[in-house]
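Sequential numbering from 1 along the given sequence is applied to the chain's residues. Atoms within a ligand are numbered from 1 in the order they appear, just like the ligands themselves.
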Amino acid sequence: MATATTVPGRWGGLSRLFHWGMLGLFLVIVPLGLYMADLPLSKQKLKLYALHKSIGLTLLALAALRLLWRSTQRRPSLPPMPAWQERAASATHVALYALMFLVPLAGWLFNSAAGFPLQWFGQVNLPALVDANPALKSLAREAHELGAWTLVAFVALHAAAALKHHFIDRDRTLALMTPGVKAPGTGVDP
Ligand code: HEM
Ligand code: HEM
């Protein structure tokens with residue numbers, strides 16, 4: 001339901017770029033994390049770890065920029081839907097934003113507590129968040145893994161809801177965020 005803080009139309013170009021660009025990076029970093037962790041120790045494994053961490057740090061920076069940008073934007077109004085669905089969507093968005101920060105920060109904490117160095121694509125050295133600490137290392141590793149799976153679960157729920165709105169309810173929810181997608185049945189932009 002439209003409120004005073006919503007506007008007609010769809011999410012702007014930069015919001016859509018953040019949204020779909022970050023999805024693209026998540027689709028790389030999650031399988032990479034699962035694959036690399038099971039490899040035997042080798043040069044290749046270390047390269048993949050470095051790549052995983054660099055992409056993860058990029059996602060952390062993008063999450064901050066995205067949140068900053070979002071604070072300057074007004075939310076496009078949703079099509080009419082039951083109030084519980086709007087509340088569920090907002091709660092899911094809050095959880096997704098929280099996890100966009102918590103998961104990479106837990107990875108960084110794990111890396112620091114393990115005493116490993118951290119670089120962004122071999123260009124920028126990043127400081128350790130804490131001194132080496134074996135107990136914290138295990139805790140941060142668990143938090144990183146659990147957080148990553150929770151993020152995957154919320155993304156699946158969120159994507160399923162968006163697709164349900166498009167293909168079953170046939171409303172313009174998906175069109176709000178997706179370039180080239182029009183509201184089903186009307187053929188017009190939101
Ligand atoms: C949003 C960003 C990130 C996502 C979604 C993500 C996801 C994952 C996943 C799914 C795994 C595999 C977990 C498993 O063992 O089953 C993993 C492992 C790992 N991640 Fe991340 N990660 C992210 C960012 C980072 C960052 C920023 C760092 C470090 C600065 C990092 C460091 C690691 C390390 C060291 C492992 C291997 C853990 C081990 O050896 O058991 N990750 N990550
Ligand atoms: C196939 C996967 C995805 C689909 C189909 C999808 C679809 C959508 C749609 C249609 C919207 C607009 C709904 C609205 O304005 O309330 C939206 C918004 C949003 N999506 Fe996704 N999404 C996907 C993946 C992701 C991922 C990976 C994330 C983050 C981890 C994410 C985070 C968000 C957030 C936070 C919003 C609210 C707008 C904002 O504050 O940026 N989505 N998504």
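The minimum heavy-atom distance between Leu34 and Trp149, with the atom names listed, is CD2-CZ2, 3.7 Å. In terms of heavy-atom proximity, Pro79 sits nearest to Thr173 at CG-OG1, 3.4 Å.
Atom 21 (Fe) of ligand 1 is closest to atom NE2 of His144 (considering only N, O or S atoms).
Contacts between Arg66 and ligand 2 below 4.0 angstrom, taking non-hydrogen atoms only, involve the side chain exclusively. When heavy-atom distances to ligand 2 are checked against a 4.0 Å cut-off, Tyr97 comes that close only through its side chain, counted from C-beta outward. Heavy atoms of Ile55 found under 4.0 angstrom from ligand 1: none, in either backbone or side chain. Residue Pro104 touches ligand 1 through backbone and side chain together, judged by heavy-atom distances below 4.0 Å.
Scanning the protein heavy atoms around atom 9 (C) of ligand 1, the nearest turns out to be Gly33 CA, 4.0 Å. What sits closest to atom 7 (C) of ligand 1 on the protein, heavy atoms only, is His52 CE1, 3.7 Å. In terms of protein heavy atoms, atom 41 (O) of ligand 1 is closest to Arg141 NE, 2.9 Å. Distance from atom 15 (O) of ligand 2 to its nearest protein heavy atom, with residue and atom name: Trp11 NE1, 2.7 Å. Of all protein heavy atoms, the one closest to atom 13 (C) of ligand 1 is Glu145 CG, 3.9 Å. The protein non-hydrogen atom at the shortest distance from atom 40 (O) of ligand 1 is Tyr49 OH, 2.7 Å. When only non-hydrogen protein atoms are considered, atom 3 (C) of ligand 1 lies nearest to Ile29 CD1, 3.5 Å. The protein heavy atom nearest to atom 4 (C) of ligand 1 is Val103 CG1, 3.6 Å. Here the heavy atom of the protein found nearest to atom 29 (C) of ligand 2 is Met100 CE, 3.8 Å. If you check which protein heavy atom lies closest to atom 38 (C) of ligand 1, you get Phe110 CE2, 3.7 Å.
Side-chain N or O atoms of Arg70 include none that pairs as donor or acceptor with a backbone N or O of Ser15 at under 3.5 Å. Ser54 contributes a side-chain N or O that, together with a main-chain N or O of Phe121, makes up a donor-acceptor pair within less than 3.5 Å. When atom types are taken as modelled, the side chain of Trp108 and the backbone of Pro127 share a donor-acceptor pair closer than 3.5 angstrom.
Atoms of ligand 1 lying under 4.0 Å from at least one heavy atom of Ala37, given by number and element, are 15 (O). Proximity to Ala148 (heavy-atom distance under 4.0 Å) selects the following atoms of ligand 1: 7 (C), 10 (C). Atoms of ligand 1 lying under 4.0 Å from at least one heavy atom of Gly56, given by number and element, are 24 (C), 27 (C). Atom numbering of ligand 2 starts at 1 in the shown order; those under 4.0 Å from a heavy atom of Thr173 are 10 (C). Residue contact check: Leu78 has heavy atoms under 4.0 Å from atoms 14 (C), 16 (O) of ligand 2. Near Arg75, with a cut-off below 4.0 Å to any heavy atom, the atoms of ligand 2 are 14 (C), 15 (O), 16 (O). The atoms of ligand 1 that sit less than 4.0 Å from any heavy atom of Leu118 are 30 (C).
Under a 4.0 angstrom heavy-atom cut-off, Phe26 registers as being in contact with ligand 1. Using a 4.0 Å cutoff on heavy atoms, Trp20 counts as a contact of ligand 2. In this structure, Met36 counts as a contact residue of ligand 1, since one of its heavy atoms falls inside 4.0 Å of the ligand.
Between His19 and His158, the ring planes are tilted. Angles from 30° to 60° get that label.
With values rounded to the nearest 0.5 angstrom, Thr178 atom OG1 is found 8.5 Å from Arg16 atom CZ. A distance of 11.5 Å separates CE in Met100 from CG in Leu60, rounded to the nearest 0.5 Å. Here the CE-CG distance, from Met177 to Leu23, works out to 11.0 Å after rounding to the nearest 0.5 Å. One distance of note links CD1 of Ile55 with CD1 of Ile29; it measures 5.5 Å at 0.5 Å rounding.
Residues Leu174 and His165 are not in side-chain contact: their nearest non-hydrogen atoms beyond the backbone lie 4.5 Å or more apart. Taking 4.5 Å as the limit, every side-chain heavy atom of Trp120 sits out of range of all side-chain heavy atoms of Lys53. The closest side-chain heavy-atom distance from Leu59 to Val103 is not below 4.5 Å.
Panel detail: atom 21 (Fe) of ligand 2 has protein N, O or S atoms under 2.8 Å away, 2 in number.
At under 3.5 Å, not a single nitrogen or oxygen of Lys53, backbone or side chain, sits near a nitrogen or oxygen of ligand 1. The shortest N or O to N or O distance between Trp108 and ligand 1 is not below 3.5 Å.
Within a 6.0 Å sphere centred on CZ of Phe154, other residues, nucleotides and ligands contribute 12 heavy atoms or fewer. The number of heavy-atom neighbours closer than 6.0 Å to OH of Tyr97, taken from other residues, nucleotides and ligands shown, is above 12.
Using a 4.5 Å cut-off between side-chain heavy atoms of Ile, Leu, Val, Met, Phe, Trp and Tyr, with links allowed through other members, Val28 and Val30 fall into the same hydrophobic cluster.
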